[in-house]
Structures are given as structure tokens and as C-alpha cells.
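Heads up: the structure comes next, in C-alpha cells.
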Protein chains: 2
Amino acid sequence: MVPRPIECPMSGSATQAVYELLRANLLAGLYRPEEKLKISELGAAFAVSTGAIREALARLTAEGLVTALPQRGFRVAPVSAADLRDLTDMRIEIETKCLRRAIENGDIGWETAVVAAHHRMAATPIAAADGSFSPAWTIAHGEFHAALAQACGSVWMMRVRDLLFVHNERYLDLARKTDRGNRDVAREHRELMEAALARDAERAVTIMTAHLAKTRDTIEAALLAAAAMTEAR
Amino acid sequence: MVPRPIECPMSGSATQAVYELLRANLLAGLYRPEEKLKISELGAAFAVSTGAIREALARLTAEGLVTALPQRGFRVAPVSAADLRDLTDMRIEIETKCLRRAIENGDIGWETAVVAAHHRMAATPIAAADGSFSPAWTIAHGEFHAALAQACGSVWMMRVRDLLFVHNERYLDLARKTDRGNRDVAREHRELMEAALARDAERAVTIMTAHLAKTRDTIEAALLAAAAMTEAR
DNA sequence: TTTTAGAAGAAAATATATTTTTGTTGCCGC
DNA sequence: GCGGCAACAAAAATATATTTTCTTCTAAAA
């Protein structure tokens, strides 16, 4: 057989590629909440047909990252302080439950994965040139938290966790320039890892809860500040 | 203005209608797990273009009701006893948490909705002519459980609850002919409502947990029996 | 007899064209 | 001058056609 030409399409199909790209852009805050996502514009931008865009948007709609208004197209899902509080409450519930079970069930493979993920995250610069989170750190951060939860041994719990985490990422970016100096995120993560590896469930849960709540408060402040600014214009 | 012709399209767009219909069929167990969902066949069956089908399937993929294999089309998501156990564990966590919060926060409107939903469900025949659950009862049942949880006051909690509930429905149908006689489901539901209205959180949670576990066991038995039969053919 | 290569057919992925709907602007009547 | 109606433009929804990819059947060689 003739070896295939180099090509190697990014992710199988064009639709899949568009979906992933669009999703990444959405999570990175490239489009503002409530912004209209014009199908033909996106099609032109990504150089694919409108059908592929529609399919990607349909998937994102089911995920809740975009909203679909019948006959009126798609928009970026809205954000609000109330939603953030609700989301964080739920995240605290799920993340701590995952964490407890992971600490109980985790084997040496889990420990190794956590240490590895933490090492990568710690070695990655947190800020990009423009003041936002660097994409590499965002990925490493997500993988660290995922690694921590992984050993919970439940596919559904991980699935729900991932869903909530992804939605939080959308908010995370909004707080990018807000008092990051007031906070030692690296230390929080390190302590989290240490408590988990020490199998100290109570301490780990306490740290995780504080970590998530602190993140929420930081974002909420940025969110309210932005809202006030919009109000006053 | 000329009054529009009767039409009144079921749910806005054709895609939306196809999505809802396909989803209902999926939950009713009309297609078997792992079965291939041919786009052109579905398009012919529903008398819409392939694009509409693709869009509906994309949304269902994001929901986890169907799986997409790149370049190889779509299939009905698989089921397994392990997945059912995992799913039920998660459901018990979430449903009981919703229930506790609803019992704490629920106002007179909530009580009214619960009573109303229960009344409708109790008055609906549970079995259809062919031995499966009647569609009307399935809907009423879903609405009863939703009404119970509604007052939890968290959009995200309800969203996760709904996701899990929907996936459970897919399993529910598999156990349709299995020893339903051994079980007094109506009594379980009545006791659940009574405990909730009496604001007895502990009792309500106990009943709910038993209810969900019992459902799981019934389905699991049917699932294993079906697997054994497939094995032996 | 089994395995593999090739070709034909089927189905999915994608692009393009058409139709329908919606939002906007300008004009006419009040 | 203000409100409503009509025509136009933009965008979404849908259908159809084309291309690509995968699967299966057959035939030939080991």
C-alpha cells in the first residue's frame, strides 16, 4: 500500500476541527457573551461550509456554551454573577465528592499522574504577554484538576465534573487582569496536591472548597466591575 | 394581516422537531443500543434533508445519547450494567441533594406542583397495551420527579439532575416486562410525596434512595437476563 | 484453504444553491 | 410629526449535488 500523503487532518473531520476550535475560542473568551454567532461569517472565517458550522453550533448548544433561538440563529451563552454562584456551589459539591473518593480509591498510578500534572502546571508560566492566562497554563491547570479527580472511579461523576469545569473556564477568563497578585494560586495548588497525596481527605476538601470559593469571588468582583462600567457608559 | 394557515410547525424549525422526535424515540427504546443510525434512512423516514438529521444527531451526541464515530456515522449509545450502577450512584447523590434543599426551601407553590404532578401520575395507567410503559405515564412520572426537585433553587443542580434522569429513562424501558408485579411503585411515589410535604427530609431521602436502588436492581436483572439470552443464542 | 489485494457499492462528509424567515428602512397615510 | 405598512436586504433553514471515505464482495495467489 502506498503510504498516505502527510496531510493528517487535525481531528478526523472538518466538523470536528471546527467544533474544537470554536469551543476553544469560546472558553478563551474570544467572543463576548450574548454576541451573535453568524453562521456565514464563521463559515467564511474557518473556510468551511455553513453545514459544518451549524453542526458544531448544535453540539455546543447541547453543551450549553451557546444558545439557539429558533429561526434567529445562535448566540454565545450569557453569563451572570448569579449563575457563577450557582455553578460554583455545584462545583464544590462535585469536586469535593470526587476528591474524597479519589483519595480513598487512588492507587500509585493516580499519585503519579497528580504529581506529573502538578509539575507541568508549576513549570508553565501562568500569564501570557497580553495579561490573560496563557493557553498552556490553562490546559495544564485543567489537567491537574482532572488528574486529582480521576481516581474517583465513576465515569458519570467525571462527566458531570468536566461539564461544570468547562463552564467555569468561560468565567475564568473574565477575571484575567483582576488582582491576581493578591492570591498565591500556586501555593493553593501545591497544598491541595500535598493533602491529597497524604490521603488527608478533610484537609484536601477544605483546601479545595476554599480554592473554588476564592476563584468565584475573584471572578465575581471582575464581573460586577465590568457590569458597573457598562452601566455607567 | 392574513391569519396564518393552520400549519403551526410543531416546534419552530424542522431540525428542532426532528431532534425532539429522535430523542423521544431514543428514550422510548425504539432503537436498540449500538444500532447504527443511518443518516439517509432517517432523513427518508422523517421526510427532511440529511442536514437536519446531522444537526439533530450532533446535539444528541453532545448529550451522550448517541455516539459519533468520525467518518463512520452515528450509533445509539451503548448500555451496560456497570454504567447503570454508576449512573444510579450519581443519581442518588444528586436527587437526594435536590430533595433536601427542596424540602428546606420549598414554598406553597412547590407543594402545589408536587401534589398536582402526583395526582396526574397516579391517575394515568402505567402500562400500555403492549406491556411497555405508556408514554403518558412516562411523561407524568418524569414531571413528578422534576416537580419534587424543582424547589432546590439551583439551575445547575436541576440541569445535572435532568441529564441523569434522561439517561436513566433509556434504561427504564429495557425493564418493561420484568417483574413489575413484585413492586408497588405507586406506593413508593405516594410515600415519597407524603414525606416531602411533611418536610421530613430524612425519611424522604431514605425513600428516594430505596426507590432509585430498587429501580436499578430491576433494570439490572432484566439487562443481565437479556445479555445471557444473547450469549446463549 | 486461507489470506490479501482490488474494485464496486454504500454511506458519510462537505459544498453549494434555493427557499423561507426576519429585521430594517423608507414611504405613505393619518 | 408620528405611527403603520410595504418593500428590500440579510441571515437562517433546508434541500440537493458532489466528493471523499469506508465496507464488502470477489478473485487470485500463496
Side-chain angles (χ1 to χ4, degrees), chain A residues 1-23 26 31-32 34-63 65-78, chain B residues 1-23 26 31-32 34-63 65-78:
Chain A
M1 181 203 288
V2 176
R4 294 191 182 180
I6 312 296
E7 56 175 274
C8 175
M10 344 185 184
S11 311
S13 63
T15 301
Q16 182 70 16
V18 168
Y19 163 73
E20 285 172 16
L21 200 55
L22 208 48
R23 198 176 119 113
L26 234 26
Y31 311 111
R32 277 160 309 177
E34 319 253 352
E35 181 178 336
K36 196 160 198 325
L37 294 167
K38 291 185 192 170
I39 296 180
S40 45
E41 269 184 24
L42 290 171
F46 292 134
V48 294
S49 70
T50 60
I53 301 289
R54 286 191 69 82
E55 200 173 319
L57 287 173
R59 286 174 68 177
L60 292 166
T61 298
E63 267 184 278
L65 290 173
V66 313
T67 57
L69 297 93
Q71 242 76 22
R72 239 185 279 183
F74 299 87
R75 294 179 168 276
V76 180
Chain B
M1 182 204 286
V2 176
R4 293 191 183 179
I6 312 297
E7 55 175 273
C8 174
M10 345 187 180
S11 309
S13 62
T15 301
Q16 183 70 15
V18 168
Y19 163 73
E20 285 172 15
L21 200 55
L22 208 49
R23 196 178 121 114
L26 234 27
Y31 312 111
R32 277 160 309 177
E34 318 253 354
E35 181 178 335
K36 196 160 197 329
L37 295 167
K38 291 185 193 170
I39 296 180
S40 46
E41 268 184 24
L42 291 170
F46 291 135
V48 295
S49 71
T50 59
I53 301 290
R54 286 191 67 83
E55 200 172 319
L57 287 173
R59 285 175 68 178
L60 292 166
T61 298
E63 267 185 277
L65 290 173
V66 313
T67 58
L69 296 92
Q71 241 77 22
R72 240 185 278 183
F74 299 87
R75 296 179 166 276
V76 180

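In what follows, every chain begins at residue 1, and chains take the letters A, B, ... in the order their sequences are listed. The structure displayed is predicted, hence computed values, not measured ones.
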Measure across B:Ala56 and B:Tyr19 and return the closest heavy-atom pair with its distance rounded to 0.1 Å.
CB-CA, 3.8 Å

At their closest point, which heavy atom of A:Leu26 faces which heavy atom of A:Val66, and how far apart are they?
CD2-CG1, 3.6 Å

For A:Lys38, give me all partners under salt bridge (charged side-chain N to carboxylate O under 4.0 Å, His left out), at least two apart in sequence or on another chain.
A:Glu41

Exercise: identify the closest heavy-atom pair between B:Gly73 and B:Lys36
CA-NZ, 4.2 Å

Listed partners of B:Glu35 passing salt bridge (charged side-chain N to carboxylate O under 4.0 Å, His left out), at least two apart
B:Arg32

Euclidean distance, atom CD of residue A:Gln71 to atom C1' of D:dA10 [Å, nearest integer]
15 Å

Distance in angstrom units between B:Arg75 CZ and D:dT23 C1', rounded
12 Å

Does B:Arg72 put a side-chain nitrogen or oxygen below 4.0 Å from OP1 or OP2 of D:dT23?
yes

Reckon A:Ser49 has a side-chain N or O less than 4.0 Å from the OP1 or OP2 of C:dA15?
yes

Side chains of A:Leu22 and A:Leu65, heavy atoms from C-beta outward: is any pair under 4.5 Å?
no

Please give, in whole Å, the distance from C:dG23 P to A:Leu69 CG?
10 Å

Given atom CD1 of B:Ile53 and atom C1' of D:dT16, what is their separation to the nearest angstrom?
15 Å

Counterpart residues, salt bridge (charged side-chain N to carboxylate O under 4.0 Å, His left out), relative to A:Arg23 (two or more places apart):
A:Glu63

note: A:Leu42, atom CG; D:dA11, atom C1'; distance rounded to Å ~ 12 Å

Could you state the CD-P distance from B:Gln16 to D:dT14, rounded to the nearest angstrom?
10 Å

Name the pairs: protein N/O against N/O of nucleotides 9-11 of chain C, kept only if under 3.5 Å.
unit_1: C:dA11; atom_1: OP1; unit_2: B:Lys38; atom_2: NZ; d: 3.2

Pair listing, side chain to side chain donor-acceptor pair (under 3.5 Å) test, anchored in residues 46-61 of chain B, at least two apart
A:Arg54-B:Glu55, A:Glu55-B:Arg54, B:Gln16-B:Arg59

Round to a whole Å and report the spacing from CG of B:Leu57 to C1' of C:dA13.
13 Å

For A:Arg54 and D:dA15, give me the distance from atom CZ to atom C1', rounded to whole Å.
13 Å

Contact check, side chains of A:Phe74 and A:Leu42, non-hydrogen atoms, under 4.5 Å
no

Protein N or O to nucleotides 17-20 of chain C N or O, pairs below 3.5 Å:
none

